[in-house]
J.: 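After the structure tokens below, expect a handful of questions from me.
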There are 2 protein chains.
Amino acid sequence: MSKRPADPANGSAPAARQVPMRDFSRSLPMSLLRAREAVMRQFRPSLREHGLTEQQWRILRALASIEAAEVTELARTAFLLGPSLSRILRDLEARNLIERKTAKADQRRSMVSISKEGVKLMASVAPTSEAIYAEITSRFGARKLAELQEMLGELEQSLAGLGAGNEASAEE
Amino acid sequence: MSKRPADPANGSAPAARQVPMRDFSRSLPMSLLRAREAVMRQFRPSLREHGLTEQQWRILRALASIEAAEVTELARTAFLLGPSLSRILRDLEARNLIERKTAKADQRRSMVSISKEGVKLMASVAPTSEAIYAEITSRFGARKLAELQEMLGELEQSLAGLGAGNEASAEE
DNA sequence: CGCATTCACTTAACATGTTAAGTATCTCCG
DNA sequence: CGGAGATACTTAACATGTTAAGTGAATGCG
């Protein structure tokens, strides 16, 4: 039995009744959410087999590419919020996948790095991950994929600094 | 933007740092995540002022457009998993923003609909939401936005049914 | 009819997202 | 030098994501 718990992904809402507001299923956030979910659905089973969540994997990948990093830097790289990262690092450290040591110059900072075990785990996951990514690229088209990512980057750029805290209007 | 070629002099020693893995900050999932976050960051403050989360807002919008729906149908429309929806509906019902009644034909199903209060709340949020969406459209460009959403849809399509339980290998 | 199976949810358990508050450390300025 | 403020996290609290298990109601089939 392929356990398929009714993924809310397929099926184009039939019986489209009168739509007063813009059909929200076509809103930009929904489009992005659905696309991302379609992609992540491919990776999650493999990661899960290795006992990793998507975020844990992001952190390991980030660490593998930058040697060692402060927590804040890592948060930026792996695109995680501080609190999430804090929890995940605690768990990864308990599993001996990463190592942490306080910076000598500044006791507030801690340098995080991937451990030997972490490297081994990555090596065991990477091939499958790459294969999946290759399959996605193949299905969607390498050129289109590059185009899409270009547009996503532009979107991000065009919104940079829009609600970024310099609104200076609403104080609490 | 294409994948970094592996160092040809490095023929062995699969140390993770030498693995020709793509810069993960440019992976498709990350691109999608960052783009979506850039967009949602615009909406969250406004929703928060009205005491709504992104998901609660999705549900209200979905209900407003389809009158009444079963929970499963609503999950598909709002792109939420059953458990999340179950919790949110419980809370929205407690706040009198939605109404629920069991279907007569099938006692298992319950029909969910938006309440008068829910409609009022939506009316108070919608203008700001629409304004934000308009600003985003303006900044990014309406044509490019349509193009982007087209590509996102194609991506979703091209991955449909890829990891959909056709593993055919591990059946418990 | 009886009962295993399926279905439509709901609960549970764990991990993360999100915001606010807390803690320890460092910096700067008087 | 010393305390106010900034900095780098960490904890806390609540909401959702994700998977597994539970519950009650229909269905199918002998």
Side-chain angles (χ1 to χ4, degrees), chain A residues 1-9 29 33-34 36-37 40-49 51-59 69-76 78-95 100-112 163 165 172, chain B residues 29 33-34 36-37 40-41 43-49 51-59 69-76 78-95 100-112 163 165 172:
Chain A
M1 300 56 151
S2 58
K3 40 202 168 177
R4 219 52 255 159
D7 287 317
L33 179 60
R34 295 160 74 114
R36 185 174 141 79
E37 176 55 26
M40 285 316 301
R41 184 170 13 248
Q42 314 304 319
F43 290 99
R44 262 190 287 266
S46 159
L47 290 177
R48 186 171 177 72
E49 276 177 24
L52 287 174
T53 65
E54 175 199 337
Q55 292 82 359
Q56 292 166 350
W57 176 238
R58 283 220 301 274
I59 292 174
E70 300 168 13
V71 173
T72 300
E73 183 188 356
L74 187 54
R76 192 164 26 79
F79 208 69
L80 291 168
L81 293 177
S84 296
L85 184 53
S86 214
R87 282 177 305 213
I88 299 174
L89 288 180
R90 166 167 49 72
D91 299 347
L92 290 181
E93 189 174 23
R95 288 165 66 184
R100 231 186 319 197
K101 59 184 178 212
T102 311
K104 353 180 186 356
D106 188 337
Q107 297 294 87
R108 293 170 306 180
R109 301 163 194 265
S110 71
M111 301 302 291
V112 186
E172 349 206 338
Chain B
L33 180 58
R34 295 159 74 113
R36 185 174 140 79
E37 177 55 26
M40 285 316 301
R41 195 186 341 267
F43 290 99
R44 262 190 287 268
S46 159
L47 290 177
R48 187 172 176 72
E49 277 176 23
L52 287 175
T53 65
E54 177 199 335
Q55 293 81 358
Q56 292 166 350
W57 176 238
R58 284 220 301 272
I59 292 173
E70 299 169 14
V71 173
T72 300
E73 182 189 356
L74 188 54
R76 187 162 34 75
F79 206 69
L80 291 167
L81 293 176
S84 295
L85 184 53
S86 214
R87 280 177 306 215
I88 299 173
L89 288 180
R90 167 167 49 71
D91 298 347
L92 290 181
E93 189 175 23
R95 288 165 67 184
R100 234 189 313 200
K101 59 183 178 211
T102 312
K104 355 178 187 355
D106 188 337
Q107 297 294 81
R108 292 171 307 181
R109 301 162 193 265
S110 71
M111 302 303 290
V112 186
E172 105 244 27

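Below, all heavy atoms of this structure are taken into account, side chains as well, without hydrogens, waters or symmetry copies. A, B, ... follow the sequence lines: proteins, then strands. Residue 1 opens every chain.
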J.: Please give, in whole Å, the distance from C:dC9 C1' to B:Leu81 CG?
T.: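 Going from B:Leu81 (CG) to C:dC9 (C1'), I get 14 Å.
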J.: Roughly, in whole Å, what's the span from CG in B:Leu80 to P in D:dT19?
T.: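 Distance, rounded to whole Å: 15 Å.
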J.: When you measure from the side chain of A:Ile88, which nucleotide among C:dT16, D:dG17, C:dC9 comes out closest?
T.: C:dT16
J.: Could you state the CZ-C1' distance from B:Arg76 to C:dA8, rounded to the nearest angstrom?
T.: 14 Å
J.: Do you know which two heavy atoms are closest between A:Ala78 and A:Arg58, and how far apart they sit?
T.: O-NE, 2.8 Å
J.: Atom CD of A:Glu54 and atom CG of B:Leu33: how far apart are they, to the nearest 0.5 Å?
T.: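 A:Glu54 atom CD to B:Leu33 atom CG measures 7.0 Å (nearest 0.5 Å).
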J.: C:dT10, D:dC9, D:dA12: which one has an atom nearest the side-chain heavy atoms of A:Pro83?
T.: D:dA12
J.: Determine the contact category for B:Glu54: base if any of its heavy atoms lies under 4.0 Å from a base atom, sugar-phosphate if only primed atoms, P, OP1 or OP2 are that close, otherwise nothing.
T.: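 If one applies the 4.0 Å heavy-atom cut-off, B:Glu54 turns out to touch nothing in the nucleic acid.
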J.: Could one point to a donor on the side chain of B:Arg44 or the base of C:dG17 with an acceptor on the other under 3.5 Å away?
T.: no
J.: NA contact type, B:Ser86, heavy-atom cut-off 4.0 Å: base, sugar-phosphate, or nothing?
T.: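 Base contact.
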J.: Could you tell me the separation between the CD atom of B:Gln56 and the CG atom of B:Leu89, rounded to the nearest 0.5 Å?
T.: 10.0 Å
J.: If you pin A:Glu73 and A:Met40 to their nearest nucleotides in DNA chain D, which one's is more 5'?
T.: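 In this pair, the answer is A:Glu73.
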J.: Scan A:Leu85, A:Leu92, A:Val71 and name whichever one has a side-chain contact (heavy atoms from CB on, under 4.5 Å) with A:Val112.
T.: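 For A:Val112, the side-chain contact (heavy atoms from CB on, under 4.5 Å) check succeeds only for A:Val71.
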J.: Just N and O in the side chain of A:Gln107: are any of them under 4.0 Å from OP1 or OP2 of D:dC9?
T.: no
J.: Out of C:dC26, C:dG17, D:dT16, which has the shortest distance to the side chain of B:Arg87?
T.: D:dT16
J.: Please give, in whole Å, the distance from D:dT19 P to A:Leu52 CG?
T.: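 Checked: the CG to P distance equals 14 Å.
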J.: Specify the residue among A:Thr72 and A:Leu33 whose closest nucleotide of DNA chain D lies further upstream toward the 5′ end.
T.: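 With A:Thr72 and A:Leu33 compared, the 5'-side residue is A:Thr72.
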J.: Given C:dT11, C:dG17, D:dG17, which nucleotide is nearest the side-chain atoms of B:Arg58?
T.: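 That would be D:dG17.
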J.: I'd like to know if B:Glu37 and B:Arg44 make a salt bridge, using a cut-off of under 4.0 Å between side-chain N and carboxylate O.
T.: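 Salt bridge: yes.
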J.: At their closest point, which heavy atom of B:Arg95 faces which heavy atom of B:Gly51, and how far apart are they?
T.: NH2-O, 2.9 Å
J.: If you look at every strand shown and take non-hydrogen atoms under 4.0 Å, does B:Leu85 touch a base, only sugar-phosphate, or nothing?
T.: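 No contact at all - B:Leu85 keeps every heavy atom at 4.0 Å or more from the nucleic acid.
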J.: For B:Asp106 and C:dC7, what is the distance between atoms CG and P respectively, to the nearest whole Å?
T.: 12 Å
J.: Provide, to the nearest angstrom, the distance between the CD atom belonging to B:Glu49 and the C1' atom belonging to C:dT19.
T.: 15 Å
J.: Between B:Arg90 and A:Phe79, just flag the one whose closest nucleotide in DNA chain C comes earlier from the 5' side.
T.: B:Arg90
J.: Taking OP1 and OP2 of D:dG17, is either one under 4.0 Å from a side-chain nitrogen or oxygen of A:Gln55?
T.: no
J.: Phosphate oxygens OP1/OP2 of D:dT10: is one of them under 4.0 Å from a side-chain N or O of A:Arg100?
T.: yes
J.: Classify the side chain of B:Arg108 and the base of C:dC9 as holding, or not holding, a donor-acceptor pair under 3.5 Å.
T.: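 By the distance-only test, no, there is no pair.
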J.: Give one of base, sugar-phosphate or nothing for A:Ser84, where a contact means two heavy atoms less than 4.0 Å apart.
T.: base
J.: May I have the distance from A:Arg109 (atom CZ) to D:dT10 (atom C1'), rounded to whole angstrom?
T.: 16 Å
J.: B:Glu37 near the nucleic acid: base, sugar-phosphate alone, or nothing, with a heavy-atom cut-off under 4.0 Å?
T.: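 Sugar-phosphate: the residue B:Glu37, judged by heavy atoms under 4.0 Å, touches backbone atoms but no base.
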J.: Of A:Gln56 and B:Arg48, whose nearest nucleotide on DNA chain C comes first from the 5' end?
T.: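 This one resolves to A:Gln56.
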J.: Quickly work out the A:Met111 CE to D:dA8 P distance and round it to whole Å.
T.: 13 Å
